Each structure stands twice: as structure tokens, then as C-alpha cells.
Amino acid sequence: DNAEPQMFQARTRIARLADTGDETITNDLQNLKKDGTLASGLQKRVLIVDDDPVNLQVLAAQLSVGSFLVSQAQDGKTALSLIEEAASRNQPFGLVLLDIMMPNISGYEVCRRLRKKYSHDTLSVIMLTAKNQVNDLVVGFECGANDYLPKPFSKDELLARINIQFSLMDLAEKRKQAETALKENNLELQQTGRFLEMVIDNANVWLDVLDNEGNVVIWNKTAEQISGYTKDEVVGRSNIWELCYPDEAYREKLQAKAMGIINKGEKLENFETTIQCKDQKQRTISWHSQNLEDAQGNPIGSIAFGRDISKTKLLQSQLAQAQKMEAVGTLASGIAHDFNNLLQGITGYAQILLWNKQEDHPDYRNLSAICKAGERAARLVSQLLLFSRKVAAKRISLNLNLEIRNTKRILERTIPKMVTIELHLENDLLKVKADPVQIEQILLNLGGNAADAMPDGGRLVIETANADLDQTFA
């Protein structure tokens, strides 16, 4: 029951191909070369296998007009040997005309053995049979035959069947070559893609690509490092705007610029924005951005390159501050020079008035106060000159406790009243060699910083003690 449908399907397939209803096969049949090769480069090598010498001679004569490379074998064992030998020489047979009824090894068995090693696309088998029984045909197809041809048959039918098989083989070979080329192209594309991904990820700038709706398409490693947000957190989404620009008004302003780049082809160069990173720190980014278009010129998104210039901005601010301090120092130096001249007159005349006056003289106390004020003013001038780096430090042997007590009076007038100053001073403190102006400045700086650290008030303790700094400490 199943034999008749299988035979009918095979007959239908062969008839459809023979009728040249398939334009591709028709063209391939017309393009068969006359030198014994196909368009794909395969040779039209045919092996005739029949135990009857007359049949061999007739078949060879019929194939002589088709530019085929013909070989002959009178039994199945010889046929198998010839096929193996041809394959080892890289001159394989493309088609076998195989008689079914042969001694020792039948055509069925030969076909079974061939199919264990050769596919239908690499070696076609057309079985030749004097029997036209359905069961015989079904067995042939089950053994792996490509086609069958009942005897007797005409030369034209034989050539048509053979040419169809070679055309199918040629198409299969070209398909295989196309698949191989496609795999090579895909591999090359994959390698190119990996190379471009490495270039993008290793670029020492923030690089991102947005589509025309503001969604992130590409997000490189530098963008991850600067912002703190990974690809998984932003790619395919537009949430980067809310993440990096939490201020709504600022965000809307920047989004409008981004849409202008995408839809209007605007460009940005050295455009600075302040982003908020994942760690809540703020960074300043300098952007270069432009739109992306498809082959027809339609906008499809934008690409942006960003440099973290936070450190540069900080250095610029520090440089500006240093320049301001330099200007203040120059001004202080000029003031100190003029002030020293004034002090010289004040203290000089006060000292002249003190000559030959005893301590019980009514003017002695006032004149002494003028001289001490002049000395303090002179020390203040020294601080200004030291600040402006116009004078060198003068190291002398001094009592550190005395300097601390003098500085305490200044601190009490400058720091908030909520901060109390306590002195714990060593009675037998050894003297130190230092510049008194610098010591006073150090104490004022430390006291001011300590007061700033206690906005709600507190205790500022200044303590002195003798210490022996041995080699271990050093």
C-alpha cells in the first residue's frame, strides 16, 4: 500500500524537473560545459555498472554525445573499488548508472554501501532495471537511489535524467559554497564587531549612542567608570537622563538640546554639563555631540563623546585663587613697606620722649604703651611680609609658652565666644628655635580651623610639654 505513493512521488519529482518548470535548473542544464565539468567546477564523471558487456557498450555509446567522462565496471565489487580509487585521487565520480541484477553483489547492496559514505548530493545513483515492479522501485529508493530508469529506455531520456542529476548536484555544491561564504562573512562580521567593541570600550572618553527617542544604544566602559552606571542599567532605556540630571528644569533643558541634535542636525562642541554620578558625587563633563543618519538621510539618533574635566576645573579654580593670593601678597607687601615707615616715626618719637623719664613719671605709662603697640604693629607687618613671601623667616630662641599666651589674646578676639580656650602649659618648658611670626601664624590657623570644626561651641585646648624624640620616633 505504501509502495505506490512513494513511487508516485519520485516519478512526479523527476517529471517536474524534466519538464524544466524550475527556471534555475533549466538555466543550469543549458550552462553545462562541454569539457566534462559543471558550472560549480564539478566534473561530469559517470561510472556505468552492468554485468552485460553489450549493455555497457550501448550505454557508453549513448553517453559519448554528452561530454561525460565515462568509466565502466562489470560487477559491484569492481565498481566500489573504482569509486574509492577515484575519490582518493580527488577525481570522484558524480553519477553511477547501476544495474540491479548482478552476480555476487546486487545493485541494491552496492547502493547501500555507497550511501554509508556518500550523500545524495555528492554521488547520484540511477538504478537501471529490467523489472518495472513497484516493490523493486521502492526497494531501490530505500537503498538510497536518486532515480530509477526501467529498461528499455531511449538515449534522450537517459541523457535528460543524467543531466538533471548533475544539475541538482551542481546546485547543491553552489549552495554549499554560498553557505561557506556566508559563514566566513558572518565570522568576519563578528570579528569586526568584536574589534569595534574593543575600540569603543577602550576609548579613554565617555562614548554613548542614543536612538531617536533618547534611549541608550551604546554605553562604553569609560561611561560606566565616570557615571557609575553599568550597561545593564542604562542600555535600551532613557532613564540615564533622570539618573544623571535629577534637577527637572536642568534635565528638560538638556533633553531639548539632545533632541535638537537628533532631529535638526545640530552639533555641540565643548558643551559642559554637571552630572550626578551613582555615588552622588558631581562631575563636570565636556561634550562633543552630533546626529546620526541612515542612508536616506533620516535621523536615527546621536553620538556623544564626553571628557571628565572635573579635575581641570578644580585646577583652574586653584590657579585663579593662587593668582588672587599673589595679587593680595603684592598689595600687602606695598602696604607693609609704607606702614613700616609710619611705625618708624611713631615708635622713634615715643622712644625719644621716654628718654630720661622715670617709671613714676605721669607720661611713662602712656609712652610705654605706644612703644608696645608699635612693636605689635611691627609684628603684624612682618606677618604681612611673610604672607607675601617678601621676607625670609628669622629663627631665634624663644619661649613657646609666652608666644602661646600672646596668641591666645588674639584668638579670644577672633573666634566665636562659644569656644573656650584652655592652656595646659609645661612650667619648665625648654626653649625652641623658631620664627615667632610663623609660630603665631601657625597657632592662629590651628585655632581658626578648630573653631570652624565646632560650630555649636566647645573647648580648644593648647598644651605644651617637653618630649625626647629618639631614633625610633624619627
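Residue indices begin at 1 and follow the sequence shown. Treat the numbers as computed from the prediction; the structure is a model and nothing was measured.
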- Item | Asp208 and Trp206: CA distance, side-chain angles, deciding distance, side chain to side chain donor-acceptor pair (under 3.5 Å) verdict | CA-CA 7 Å; Asp208 67 59; Trp206 176 322; 2.8 Å; yes
- Message: Apply side chain to side chain donor-acceptor pair (under 3.5 Å) to residues Thr122 and Ser119 and explain how you reach the verdict.
- Response: CA-CA 5 Å; Thr122 57; Ser119 67; 3.2 Å; yes
- Run the numbers on Asn270 and Glu272 for side chain to side chain donor-acceptor pair (under 3.5 Å), then give the verdict. CA-CA 6 Å; Asn270 298 318; Glu272 296 181 9; over 6 Å; no
- Message: I'd like to know whether Asp75 forms a side chain to side chain donor-acceptor pair (under 3.5 Å) with Thr78, so could you lay out the CA-CA distance, the side-chain angles of the two residues, the decisive distance to 0.1 Å, and finally the verdict.
- Response: CA-CA 6 Å; Asp75 58 72; Thr78 303; 2.9 Å; yes
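Taking the six-membered ring where tryptophan is involved, the planes of Phe68 and Phe166 are essentially parallel, since the angle between them stays under 30° and well short of 60°.
Residue Arg45 is tested with Val70, Leu69, Leu95 for a side-chain contact (heavy atoms from CB on, under 4.5 Å); the sole match is Leu69.
Heavy atoms of other residues, nucleotides or ligands lying less than 6.0 angstrom from CD of Glu269 number 12 at most. Open room surrounds CD on Gln57; 12 or fewer heavy atoms of other groups in view lie less than 6.0 Å from it.
Take Tyr250 and apply the ring-ring contact (aromatic ring centres under 6.0 Å, His included) test, not counting sequence neighbours, and it matches Tyr245.
Between Asp121 and Arg175 there is a salt bridge, since a side-chain N of the basic residue sits under 4.0 Å from a carboxylate O of the acidic one. We find that Glu179 and Lys183 are not joined by a salt bridge, their nearest charged nitrogen and carboxylate oxygen being 4.0 Å or further apart. For the pair Asp308 and Arg283, the salt-bridge criterion is met [side-chain N within less than 4.0 Å of a carboxylate O].
Judged by distance alone, with hydrogens and angles left aside, the side-chain atoms of Trp287 form no donor-acceptor pair with the main-chain N or O of Arg307 at under 3.5 Å. Remark: side-chain polar atoms of Asn146 are not paired, donor with acceptor, to backbone N or O of Phe141 under 3.5 angstrom. A donor-acceptor pair under 3.5 Å links the side-chain atoms of Thr222 to the main chain of Ala203, judged by distance alone. No donor-acceptor pair closer than 3.5 Å links the side chain of Asp50 to the backbone N or O of Asn55.
Applying the salt bridge (charged side-chain N to carboxylate O under 4.0 Å, His left out) rule to pairs touching residues 87-107 yields Glu85-Arg89, Asp99-Lys151, sequence neighbours excluded.
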